[in-house]
Amino acid sequence: MSGKPRLHYFNGRGRMEPIRWLLAAAGVEFEESFLEKKEDLTKLQKDGSLLFQQVPMVEIDGMKLVQTRAIANYISTKYNLYGKDLKERVLIDMYVEGMFDLNELFLMYIVQPADKKEEYFANMMNKAENRYFPVFEKVLKDHGKDFLVGNQLSRADVQLLEIILMVEEWKPEIFAKFPLLQSFRARLSNIPAIKKFLQPGSQRKPPSDDDVVDKVMKIFY
Amino acid sequence: MSGKPRLHYFNGRGRMETIRWLLASAGVEFEESFLEKKEDLTKLQKDGSLLFQQVPMVEIDGMKLVQTRAIANYISTKYNLYGKDLKERVLIDMYVEGMFDLNELFLMYIVQPADKKEEYFANMMNKAENRYFPVFEKVLKDHGKDFLVGNQLSRADVQLLELILMAEEYKPDVLANFPVLQSFKARISNIPAIKKFLQPGSQRKPPVTEEDLAKAMKIFRS
C-alpha cells in the first residue's frame with residue numbers, strides 16, 4: 001500500500017482519462033491496475049469494490065471512489081483545481097459539463113457501426129466546431145486572462161486542453177478559426193506538470209485502436 | 001424581475017425536474033417560462049441566453065445557468081444540501097451520479113421505438129431493482145440515520161425520493177424487497193417543504209405523456 005491513488009480501469013482512455021489528466025496536472029503520482037479480461041472485472045464486482053458494479057474506480061484516501069464526476073469533483077477540490085468560491089465553481093461546472101457532453105460524443109464514436117461512422121463523425125466535429133469551441137474561445141477572449149476562470153489553473157483548463165488535443169488527433173484544421181484556443185493550448189501545455197504528462201512514457205493513454213475496442217467489448221459486454 | 005429563480009424548459013419533467021425538486025426541498029419559490037414551440041427555443045438561442053444552445057436554463061442570482069449538474073451543484077451548495085465537508089460531499093456525489101444514471105434510463109425509455117420498449121423496460125427495472133436500489137437500501141441500513149449522508153437532509157435524499165416515486169409509477173411494488181427504502185420514502189415525503197411539493201397544484205410535473213413527447217420533439221428535434 002503505497003499511499004498513492006490507484007486507478008482501476010482498462011488500459012485505455014475511456015472514462016478514466018480525465019481523471020488521469022487531473023491527477024497529473026495536480027502533480028499527484030498514481031498507480032494503475034488494468035482490467036485485461038472479464039474475470040478482472042468480475043473479481044472487483046464480487047469483492048464489493050464497485051458501488052454500482054462499474055469502473056472507473058479510484059482508491060484514494062482510504063476510499064474506493066466510483067463515478068467519473070464524483071472522482072473528478074473530489075480530486076479537483078482536494079488539489080485546488082475547482083476555483084476559489086461558489087461563483088467560480090459554477091462557471092467551472094458549466095464549462096466542464098459542456099466538455100463532458102462533447103467527450104461523450106467522442107466515447108460513443110468508437111463503438112458506432114461501420115455504416116453510421118461517417119455521419120456520426122461529421123456531426124461530432126460539427127458540434128466541436130460550432131457549439132463548443134466557439135464558447136471557450138469567447139470565454140477566453142472576454143475573461144482576458146491565462147485561464148478560463150479566475151486567476152489560476154482549474155479543472156476547466158485541464159479538461160479543455162484534453163479535449164483540444166483529442167480533436168486535434170482527428171481534425172487539426174478546426175483550430176484555424178480559434179486563435180485564442182491555439183495560444184491557450186500552447187500556454188497550458190507548457191505548465192511543468194502538464195508538459196511532463198504530454199511526454200512519451202507518461203501515464204497518458206494513446207487513442208483507442210480496434211484492438212482496445214475489441215478487448216473492452218469482451219470485458220464489459 | 002422578481003428576484004426568484006426562473007426556470008426555462010418545456011412544461012414537463014425531463015432534465016429540469018431534479019432542479020425543481022431541489023429548489024422545492026430548499027423552500028425556494030421559483031418561476032417558470034415554458035417553451036411551447038420551436039420559436040421559443042430559437043429566441044433564447046439567438047439572444048445569447050443559452051451557453052451551449054440548450055435548455056435547461058435557470059436564471060438565478062444574476063446568472064443564466066445551464067447544464068443540469070452545474071445548476072444542481074449550485075443550488076445544492078447555496079441551500080446547504082451538499083453535506084458539511086469534502087468527505088460527505090464525495091459520498092453524495094457518488095450516490096447522486098448513480099441516481100442520474102438510473103434517471104437517464106427513465107428519460108430514454110419514453111423515446112424507445114415500439115419494438116424495443118418491452119426489452120428496454122425490463123432492463124431498466126432490472127437495473128433499478130438489482131443495481132441501484134440495493135445500494136441505497138444498504139447505505140441507509142449501514143449508516144443507521146434518517147438520511148443517506150451525515151445527519152441532515154442533502155440532495156442525495158431528495159434525488160433518491162424523486163427516483164423512487166418515478167420507479168413506482170412504472171412498477172408500484174418496486175420497493176417490495178426494500179423495507180428501509182419504504183420507511184425512507186415515508187419519512188422524507190413528510191418533510192414539510194417536500195410534502196407541499198407532493199401535493200396537487202405544486203410545480204411538480206406529472207409523468208410525460210405521448211402528447212407531451214410529440215410536442216417536445218417538435219421543439220427540440222426539428
Side-chain angles (χ1 to χ4, degrees), chain A residues 15 45 48 50-54 56-58 60-80 82-83 85-102 104-105 126-128 130-136 138-139 142 148-149 156, chain B residues 15 45 48 50-54 56-58 60-80 82-83 85-102 104-105 126-128 130-136 138-139 142 148-149 156:
Chain A
R15 298 186 186 286
Q45 288 169 331
L50 308 177
L51 188 66
F52 301 112
Q53 311 308 321
Q54 296 164 314
M57 187 269 276
V58 174
I60 185 170
D61 298 336
M63 300 177 290
K64 291 182 176 171
L65 301 185
V66 297
Q67 291 288 349
T68 309
R69 284 172 173 88
I71 301 165
N73 290 357
Y74 183 81
I75 289 168
S76 300
T77 304
K78 181 174 176 174
Y79 297 109
N80 194 23
Y82 221 154
D85 56 28
L86 181 56
K87 287 262 167 190
E88 286 194 356
R89 191 182 140 181
V90 75
L91 290 175
I92 290 169
D93 274 345
M94 283 198 285
Y95 302 158
V96 147
E97 283 298 310
M99 294 174 204
F100 272 127
D101 281 353
L102 181 55
E104 195 65 22
L105 292 177
N126 178 43
K127 290 262 161 48
N130 295 307
R131 174 170 285 186
Y132 294 104
F133 287 152
V135 169
F136 303 125
K138 183 176 195 298
V139 165
D142 294 348
L148 280 165
V149 178
Chain B
R15 297 186 186 288
Q45 289 169 331
L50 307 177
L51 188 65
F52 300 113
Q53 311 308 322
Q54 296 166 315
M57 187 270 276
V58 174
I60 185 170
D61 298 336
M63 300 177 289
K64 290 181 177 173
L65 301 185
V66 297
Q67 291 288 350
T68 309
R69 284 171 172 88
I71 300 166
N73 289 358
Y74 183 81
I75 289 168
S76 300
T77 304
K78 182 173 176 175
Y79 296 109
N80 195 23
Y82 221 153
D85 56 27
L86 181 56
K87 287 262 167 189
E88 286 193 357
R89 190 181 141 179
V90 75
L91 290 176
I92 289 169
D93 274 346
M94 282 197 286
Y95 302 158
V96 146
E97 284 298 309
M99 294 175 204
F100 273 127
D101 281 351
L102 180 55
E104 196 65 22
L105 292 178
N126 178 44
K127 288 263 162 45
N130 294 306
R131 174 171 285 185
Y132 294 104
F133 288 159
V135 169
F136 304 124
K138 183 178 195 299
V139 166
D142 293 349
L148 280 163
V149 178

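Computed from a predicted model, the values in this text were never measured in an experiment. Protein chains get the first letters and strands the later ones, always in sequence-line order, with residue 1 at the start of each.
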> Given that the side chain runs from C-beta out, which part of A:Phe100 has a heavy atom under 4.5 Å from chain B: side chain, backbone, both or neither?
neither
> Taking the side chain as every heavy atom from C-beta outward, state whether B:Met94 and A:Leu65 have any atom pair closer than 4.5 Å.
yes
> How far apart are the closest heavy atoms of A:Ala70 and B:Val90, and which atoms are they?
O-CG2, 3.9 Å
> Contact part of A:Val66 toward chain B, heavy-atom cut-off under 4.5 Å: side chain, backbone, both or neither?
both
> Between B:Lys78, B:Met63, B:Arg89, B:Gln53, which shows the greatest number of heavy-atom pairs under 4.5 Å with chain A?
B:Arg89
> Let me confirm one number: the CZ-CE distance from B:Phe52 to A:Met99, rounded to the nearest 0.5 Å.
7.0 Å
> Which residues satisfy the side-chain hydrogen bond (donor to acceptor under 3.5 Å, both in side chains) test with A:Lys87, sequence neighbours excluded?
none
> Please rank A:Thr77, A:Ile92, A:Asp61, A:Asn73 by heavy-atom pairs under 4.5 Å with chain B and give me the top one.
A:Asn73
> Could you tell me which residues satisfy side-chain hydrogen bond (donor to acceptor under 3.5 Å, both in side chains) with A:Gln45, sequence neighbours excluded, listed by chain and number?
none
> When rounded to the nearest 0.5 angstrom, what distance separates CG in B:Leu91 from OH in A:Tyr74?
10.0 Å
> Side chain, backbone, both or neither: which part of A:Asp101 has a heavy atom under 4.5 Å from chain B?
side chain
